[in-house]
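Notes follow the structure.
Order of appearance sets the numbers: ligands from 1, and atoms from 1 within every ligand. Predicted model, so just to flag it, every value in this text is computed and none were measured.
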Amino acid sequence: MQPIRNIVILTGAGISAESGLQTFRAADGLWEDHRVEDVATPEAFARDPDLVQAFYDMRREGILAAQPNPAHAALARLDAQWPGELLIVTQNIDDLHERAGARRVLHMHGEGLAAWCTACDSRMPWTGTLRDDPPCPICHAHALRPDIVWFGEMPYRMDEIFAALREADLFVSIGTSGAVYPAAGFVQQARECGAEALELNLERSQGSGWFHESRLGPASAIVPEWVEEMLEGLRSR
Ligand code: APR
């Protein structure tokens with residue numbers, strides 16, 4: 001087998017679970033006591049903007065209070081030391097990959113600590129609240145929303161992601177249930193282009209059968225182990 005050069009890593013809510021951020025698909029099917037359709041769709045925002053803004057104000061507070069865990073730290077180490085192409089595609093809206101030091105990170109579902117002005121189309125860092133409907137600092141319109149990709153909206157930067165998947169020798173999926181497309185289809189895409197596929201998750205995901213290998217356990221344990229293996233492999237090349 002050719003040595004691995006290019007890596008695409010997909011992360012989901014499971015990598016941040018041990019940082020205290022709740023995953024989406026808990027047994028009760030609710031996300032922080034809400035049905036996803038009531039808080040994470042453009043229709044919900046049109047119907048009840050106060051509820052949706054208040055919900056994301058809470059998520060923002062949670063993100064600010066959370067700290068990266070050893071899984072984020074390990075991926076940041078890999079990012080810093082890996083000589084080939086590497087891209088961390090995260091479905092998460094938290095900034096824990098970046099706070100752990102990772103640089104090659106792409107947020108396909110947007111960012112919790114950002115706002116988007118739908119009047120002037122500017123995007124800006126945002127750590128305060130939005131439920132009080134503050135004006136856009138750029139155009140002064142009252143048209144700010146969380147810069148989050150809701151259900152029914154197009155994920156960000158898909159061209160870049162598909163380009164990276166085409167070049168990948170290894171695709172690694174971490175802490176995601178494989179329930180939400182298009183991310184759930186990345187493994188098939190990567191394999192069609194010849195990549196090896198590895199899953200690191202607490203339990204088998206819905207698309208588990210697509211992976212060459214599944215390692216099961218908490219991310220804070222199995223991600224650092226895998227990263228050490230990869231870095232050890234580099235040293236012995
Ligand atoms: N370590 C590893 N995996 C874990 C851990 C942990 N400590 N805790 C939970 N998991 C696993 C769960 O077993 C589950 O398979 O993480 C996965 C989390 O799945 P989801 O809650 O469905 O989250 P995710 O896959 O990121 O959701 C995808 O759906 O709601 C939308 O836009 C939202 O980005 C989100 C998308």
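The shortest separation from a heavy atom of Trp150 to ligand 1 is not under 4.0 Å, leaving the residue out of contact.
Side chain of Trp226 to backbone of Glu229: no donor-acceptor contact under 3.5 angstrom is found. The closest donor-acceptor contact from the side chain of Asp57 to the backbone of Leu130 lies under 3.5 Å. For the pair Asn6 (side chain) and Asp169 (backbone), a donor-acceptor distance under 3.5 Å is absent. Checked by atom type and distance alone, the side chain of Asn92 pairs as donor or acceptor with a backbone atom of Gly12 at under 3.5 Å.
With a 6.0 Å cutoff to the six-membered ring centre and a 45° limit on the axis angle, Arg145 counts as a cation-pi contact of Trp150. For the pair Arg166 and Phe162, the cation-pi criterion (under 6.0 Å, within 45° of the ring axis) is not fulfilled.
In terms of polar-atom proximity, Gly12 is not counted as a contact of ligand 1, lacking any N or O under 3.5 Å from an N or O of the ligand. At least one N or O atom of Ala13 sits closer than 3.5 Å to an N or O atom of ligand 1. At under 3.5 Å, a nitrogen or oxygen of Leu202, whether backbone or side chain, sits near a nitrogen or oxygen of ligand 1. For ligand 1, the polar-atom distance check finds an N/O of Phe24 within less than 3.5 Å of one of the ligand's N/O atoms. Between Ser177 and ligand 1, an N or O atom pair is found at a separation short of 3.5 Å. Polar contact check, Ala17 against ligand 1: no nitrogen or oxygen pair lies under 3.5 Å apart.
Within the 4.0 Å heavy-atom criterion, both parts of Gln91, backbone and side chain, lie near ligand 1.
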